[in-house]
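This one's a predicted model, so the numbers in the text were calculated from it and none came from an experiment. The analysis underlying the following values was restricted to heavy atoms, covering all of them including side chains, and did not include hydrogens, waters or symmetry mates. Below, chain A is the first sequence line, B the second, and so on; all start at residue 1.
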There are 2 protein chains.
Amino acid sequence: MSITDLQFNIDRDSKTPMWLQIRNELFNCLYRDELRPGQLIPNEKTLVDLFRVSIGTVRKAVGALEKEGFLIRKQGLGTFVFQHDKSTFHFAYFHFALNGTDEISYPEVEFISFETKKATKYEAKILNIPAGSNVYEIFNKLGINKKNYIVDKIIISQAKFPTLTEEIFINRTNTIYNLYQNKFNIFITNCSEKLKAMSADKTVSALLNIKLDSPILRIERIGQTYHNETIELRTSFVHTNDIDYVNTQNSTFGDTF
Amino acid sequence: MSITDLQFNIDRDSKTPMWLQIRNELFNCLYRDELRPGQLIPNEKTLVDLFRVSIGTVRKAVGALEKEGFLIRKQGLGTFVFQHDKSTFHFAYFHFALNGTDEISYPEVEFISFETKKATKYEAKILNIPAGSNVYEIFNKLGINKKNYIVDKIIISQAKFPTLTEEIFINRTNTIYNLYQNKFNIFITNCSEKLKAMSADKTVSALLNIKLDSPILRIERIGQTYHNETIELRTSFVHTNDIDYVNTQNSTFGDTF
DNA sequence: CAGTGGTCTAGACCACCCT
DNA sequence: GGGTGGTCTAGACCACTGG
C-alpha cells in the first residue's frame, strides 16, 4: 500500500482552500503513519496528478507543512518527512549559552540512572495514565566544556515503551527522541516548556556539586505526538551561574492579530 | 517623496532570486524609514509595475516579510507595516501563565519610579554608549489578578530619548514600545531574553513582598531596532511560585538544517 | 460599488543532486 | 542524463473591506 494508491477527497466547492485541504490530507498521512519519519514523499508532479490541481497549489500545501516543520524539501532530491536526528537536536530543544555569549553549545550527556517506579499523581495526570502505573525514571547530567550544569529527569510510561531497558537506553547511538522514533515508533512533534526558579534539594545539589538551597532553574518540558498525546515529562534542574537559558524572538513571534 | 517615486534596482541576471531582491528592497524601505510603522504600502499591482515582475513574484516577496513579522496583509484593505500596539503586545513579549494553565494572561502594570542616573559599565556595554553616560532607570511592577509577581527595571539611554520625562512615561495611553515608536521614532523589531535563577535582594524582595533570598527568575531582555542597535535593557525579577514562564515550540523551531 | 489581497491555473525554464 | 524542487510568468476569478 503506497501513498499513491490512496484516494483523496478534495472538495472543489468547499470554503476551505484547496491548498489547505491538500495540506490536511498530507498531514493525515503523517498522523495515520502512512508517511513515516525520514520517508521520501511523492514528487510534485505525482501530487499534481493525485489531487488534480496545478503545481502552484501543491507547492503551497507542501510549503505550509515545511514551514510547520513536518516536511523537509531538498532541491534535487525530493521532499522528506522530518525525523529526529543528531543534526536536528541542537537548536530545537537545547537553549543554553555560556555567560556573555549567544552561542547555543551542544551539550555533553552523561547517564546517571534508569529505574522503574510507580507514577506520582502529578506524573500520571500529565502523561494521562492511571495513577500508580509503572513509569521509567531516567536521570542524566548535561554539561558544556566538561562542566555539568544540568540534571535531567525523564518520566515516560512503561506501557508505551514496553521493551525499553537501561541497556537499550545507554547504548543508543543517537538522540533520545531518535530512539523513541526508531525503536518505539513514537514521534515527538511538539514541546512546551514551563520555567520556575527554585531551591536545589539534596539530590540535585549533590549531583551538580552546589550548595543545598542554591537557586536553580527548573524546566518542565512536555513532549507530545502528532495526536497531541503526551509522551514524556522531562524536568531539568539547571545551575545558571555560568549559563543562561536563551530565548530569541522577532517582533511578531506568536500570532498577534 | 512617495515610495512609488523611488527607483529600485532589480538585477534579472543575479544569482539572487528576484523575489528575494524585492524583499530586500522593501526591507530597505523599512530600514531607511521610507515606510513607517502602521503605514499602508503600495498595492500588489503597483509593486508589479514598479518592479516589472509578475504578481506571484511580488506576493512571494511580501509573504516573506509578512512571515518575518515586518508586514501585515489584510484582505480587502491592503498591506501595512507592523506597529507596536496593545493588540500586539500580549503574545509577543509576555510569557507568563498561572500555575496549571497554559493561558498567557495580560499583565497589570503599576509604575514605581523614574530616575536619571549614570550607566553602569555593564549597562553601557549592552547599550553601546560611553561608560558613565546618562540613562533612565524605570521601575514597574507587573501582576496578574491583582497580585504582583514581577518587578521590571528598564534602562534606556537618555541620548536616544532626550525629551522623555516621568510624566510622559506615566501618561502614555499605550504600551511602552508604542511610546518609543510614536514619540521617539524608535522601533523595536527583535528581542532576545536570557534567563537565570537567582536570590531576591533587599529591593526586589520588598517590592514583591517575599522573603530575602527567595529564589527568583531573572530575565534580561535586550530590545533592538531594524539596524540591530540595542535600545533597551529590561531586567525582570519574577517570583515564580504561582506563575510559570512558558515557551512553546514545534519540532523544527529554529533552523535545524 | 471599487479596491484590496487570496486562490488557482498551466505551463516554462533553471539549479541542484545522484548515477 | 534524468529526476527533483525552485523560480517565474500572465493572467482569471473569488472573498473581503469600506464607503
Can you list everything that forms a side-chain contact (heavy atoms from CB on, under 4.5 Å) with B:T165? Sequence neighbours excluded, please.
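side-chain contact (heavy atoms from CB on, under 4.5 Å) check on B:T165 returns B:E167, B:I168.
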Verify the contact: side-chain N or O of A:R73 to OP1 or OP2 of D:dT4, cut-off strictly under 4.0 Å; return yes or no.
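No, because none of the side-chain N or O atoms of A:R73 sits under 4.0 Å from OP1 or OP2 of D:dT4.
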For [X] and [N], what is the distance between atoms [atom1] and [atom2] respectively, to the nearest whole Å?
| X | N | atom1 | atom2 | result |
| --- | --- | --- | --- | --- |
| B:I72 | C:dT4 | CD1 | C1' | 16 Å |
| A:E44 | D:dT4 | CD | P | 10 Å |
| A:F80 | C:dC17 | CZ | C1' | 10 Å |
| B:K15 | D:dG6 | NZ | P | 17 Å |
| B:I22 | D:dG6 | CD1 | C1' | 15 Å |

Measure all distances between protein nitrogen or oxygen atoms and nitrogen or oxygen atoms of nucleotides 7-17 of chain D, and list the pairs falling under 3.5 Å.
| residue | atom | partner | partner atom | Å |
| --- | --- | --- | --- | --- |
| D:dT7 | OP1 | B:W19 | NE1 | 3.1 |
| D:dT7 | OP2 | B:K60 | NZ | 2.6 |
| D:dC8 | OP1 | B:M18 | N | 2.6 |
| D:dC8 | OP2 | B:M18 | N | 3.3 |
| D:dC8 | OP2 | B:W19 | N | 3.1 |
| D:dT9 | OP1 | B:R12 | NH2 | 3.0 |
| D:dT9 | OP2 | B:S54 | N | 2.8 |
| D:dT9 | OP2 | B:S54 | OG | 3.0 |
| D:dT9 | OP2 | B:T57 | OG1 | 2.6 |
| D:dA15 | N3 | B:Q75 | NE2 | 3.0 |

Can you name the side-chain hydrogen bond (donor to acceptor under 3.5 Å, both in side chains) partners of [X], sequence neighbours left out?
| X | result |
| --- | --- |
| A:K60 | none |
| A:R32 | A:E34 |
| B:T230 | B:Q224 |

Under 30°, 30 to 60°, or over 60°: which ring-plane class applies to A:Y245 and B:Y245, parallel, tilted or perpendicular?
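Plane angle over 60°, so perpendicular.
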Could you list the residues that satisfy salt bridge (charged side-chain N to carboxylate O under 4.0 Å, His left out) with B:K183, not counting sequence neighbours?
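B:K183 satisfies salt bridge (charged side-chain N to carboxylate O under 4.0 Å, His left out) with no residue once adjacent residues are dropped.
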